[in-house]
Participant: 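Below is a structure I'd like to ask you about.
Numbering of ligands and ligand atoms starts at 1, following listing order. Worth knowing before you read on, the calculation uses all heavy atoms, side chains too, and leaves out hydrogens, waters and symmetry mates.
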Amino acid sequence: MEKRNKILNIEDIHTYYGVSHVIQGLSMYVEQREAVSILGRNGVGKTTTLRSIMGLTPPRSGSIQIDGIETTRFQPHKISKIGVAYVPAERHIFPGLSVKENLILAARPGNGKDPWTFEKVCDHFPGLADRTLQDGATLSGGEQQMLAIGRALISNPKIIIMDEPSQGLSPLLVQMITDVVLKVCTESGITMLIVEQNYRMALKVASRHYLMGTKGEIVKVASTQELMDNPEIIQSHLSV
Ligand SMILES: Nc1ncnc2c1ncn2[C@@H]1O[C@H](COP(=O)(O)OP(=O)(O)OP(=O)(O)O)[C@@H](O)[C@H]1O
Ligand SMILES: [Mg+2]
């Protein structure tokens, strides 16, 4: 089997908010062109894991490497410069800027043969193509999510990290986002880490899944097939 690079490698991190020890020894990795999910109940530390990777809430101990570079103590801007695109649950669209301006501001040249450009994003997100001059703040929730994902892609990152892209969206919009993400993954071979409460979406877009326990540690790693064949695994780890 082809040996792939680990684009993200986390070893035994411990992350705190003040005295609150939220992530207690988490290890995981994402290989090149792999889509991986983190699943877990409310409040176990999924967002904190992403914030640890992005340098927003750096771990106190342990190690995080991006494409072989030790980034554990890096500032967030440096981590994004190395090629980690973060799509937070709140989406953080720039209000007062148009869809096009939001995209152009995030654009970075890509190394591959078919990099993400403004035109390519418009091709993949027809909902945005019709609204390039609309103020980002006036987009619907689903359109904002599309823009947030488009903005991550146009930076041509090494890895995209998404926090609950389905949050607050209707089932129809969740379906649309799932289809777009799936298309992007299969066509462009993007490397992705996705946090989701909506495990049905996670099972559709990711091929490997980390289940997080109440100490912000990984209690199980499973393939999509294993989770589909054994629904009780999800039941016991995710149901309340
Ligand atoms: N800024 C903060 N200061 C103190 N505690 C925090 C802070 N942010 C999060 N926490 C706490 O850390 C724990 C993990 O939070 P986190 O947001 O990472 O969970 P999550 O798995 O993303 O939850 P959800 O599914 O609700 O998004 C929770 O107990 C939360 O209350
Ligand atoms: Mg969260």
Side-chain angles (χ1 to χ4, degrees), residues 8-30 35-64 66 71-77 79-80 84-93 141-142 144-149 151-152 159-171 173-174 177-178 181 192-206 208-222 227 233-240:
L8 171 69
N9 192 29
I10 304 181
E11 285 171 12
D12 193 26
I13 57 165
H14 291 257
T15 304
Y16 296 71
Y17 293 108
V19 292
S20 172
H21 190 180
V22 176
I23 304 295
Q24 304 188 21
L26 175 141
S27 300
M28 63 177 298
Y29 64 85
V30 182
V36 167
S37 89
I38 301 178
L39 303 171
R41 291 191 177 98
N42 277 123
V44 291
K46 302 180 299 295
T47 298
T48 306
T49 302
L50 303 190
R51 291 182 59 85
S52 303
I53 297 168
M54 293 314 299
L56 295 163
T57 312
R60 281 202 199 151
S61 65
S63 151
I64 300 178
I66 308 289
T71 59
T72 323
R73 301 280 166 263
F74 280 14
Q75 297 283 324
H77 68 90
I79 292 170
S80 85
V84 187
Y86 181 38
V87 184
E90 308 78 28
R91 292 151 199 165
H92 293 172
I93 301 303
Q144 286 198 12
Q145 188 61 62
M146 300 274 189
L147 178 55
I149 297 172
R151 216 171 41 174
I159 181 167
I160 289 190
I161 293 181
M162 280 194 249
D163 196 357
E164 304 213 35
S166 76
Q167 188 177 290
L169 301 184
S170 70
L173 280 169
V174 172
I177 300 273
T178 306
V181 171
M192 189 173 73
L193 176 62
I194 181 168
V195 161
E196 259 305 334
Q197 298 261 354
N198 184 332
Y199 67 87
R200 287 186 186 85
M201 176 181 186
L203 291 186
K204 277 190 195 140
V205 300
R208 212 156 54 79
H209 310 271
Y210 287 94
L211 277 67
M212 191 174 265
T214 50
K215 294 188 174 123
E217 84 289 29
I218 299 302
V219 290
K220 172 129 189 102
V221 193
L227 292 183
I233 298 177
I234 289 193
Q235 280 304 318
S236 63
H237 285 103
L238 297 188
S239 59
V240 242

Participant: Examine Arg208 relative to Tyr29 and say whether NZ or CZ is less than 6.0 Å from the centre of the six-membered ring and inside a 45° cone about the ring axis.
Facilitator: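 Judged by the rule, Arg208 and Tyr29 form a cation-pi pair.
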Participant: My understanding is that we take every heavy atom of each candidate and find the minimum distance to atom 27 (O) of ligand 1. Doing that for Glu196, Glu164, His21, which one comes out nearest?
Facilitator: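 The nearest heavy atom belongs to Glu164.
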Participant: Within Thr47, is some N, O or S atom less than 2.8 Å away from the Mg ion (ligand 2)?
Facilitator: yes
Participant: Hey, does the side chain of Thr15 reach the backbone of Val22 with a donor-acceptor pair shorter than 3.5 angstrom?
Facilitator: no
Participant: Looking at Lys204 and Tyr199, would you say the former's side chain and the latter's main chain have a donor-acceptor pair under 3.5 Å?
Facilitator: no
Participant: For the CD atom on Glu90, are there more than 12 heavy atoms of other groups (residues, nucleotides or ligands in this structure) within a distance under 6.0 Å?
Facilitator: yes
Participant: For atom 30 (C) of ligand 1, is there a protein heavy atom at a distance under 4.0 Å?
Facilitator: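 When distances to the protein are checked, atom 30 (C) of ligand 1 has no heavy atom within 4.0 Å.
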Participant: With a cut-off of 4.0 Å, which atoms of ligand 1 are near a heavy atom of Gly45?
Facilitator: 14 (C), 16 (P), 18 (O), 19 (O), 20 (P), 21 (O)
Participant: Would you mind listing which atoms of ligand 1 come within a distance below 4.0 Å of any non-hydrogen atom of Gln197?
Facilitator: 24 (P), 25 (O)
Participant: What protein heavy atom is closest to atom 9 (C) of ligand 1, reported as residue, atom name and distance in Å?
Facilitator: Tyr17 CE1, 3.4 Å
Participant: List the steps and the verdict of side chain to side chain donor-acceptor pair (under 3.5 Å) for Asp163 and Thr47.
Facilitator: CA-CA 7 Å; Asp163 196 357; Thr47 298; 2.7 Å; yes
Participant: Which of the numbered atoms in ligand 1 are under 4.0 angstrom from any heavy atom belonging to Thr47?
Facilitator: 17 (O), 18 (O), 20 (P), 22 (O), 27 (O)
Participant: Would you check, one step at a time, whether the test side chain to side chain donor-acceptor pair (under 3.5 Å) holds for His14 with Ser61?
Facilitator: CA-CA 5 Å; His14 291 257; Ser61 65; 4.7 Å; no
Participant: I'd like the name of whichever of Val22, Leu39, Asn42 reaches closest to atom 26 (O) of ligand 1 through any heavy atom.
Facilitator: Asn42
Participant: Please confirm whether the backbone N or O of Gly45 pairs with a side-chain atom of Thr49, one donor and one acceptor, at under 3.5 Å?
Facilitator: yes
Participant: For ligand 1, which atoms, with element, lie under 4.0 Å from some heavy atom of Thr48?
Facilitator: 14 (C), 15 (O), 16 (P), 18 (O)
Participant: So for ligand 1, is Gly43 a polar contact partner (N or O within less than 3.5 Å, distance only)?
Facilitator: yes
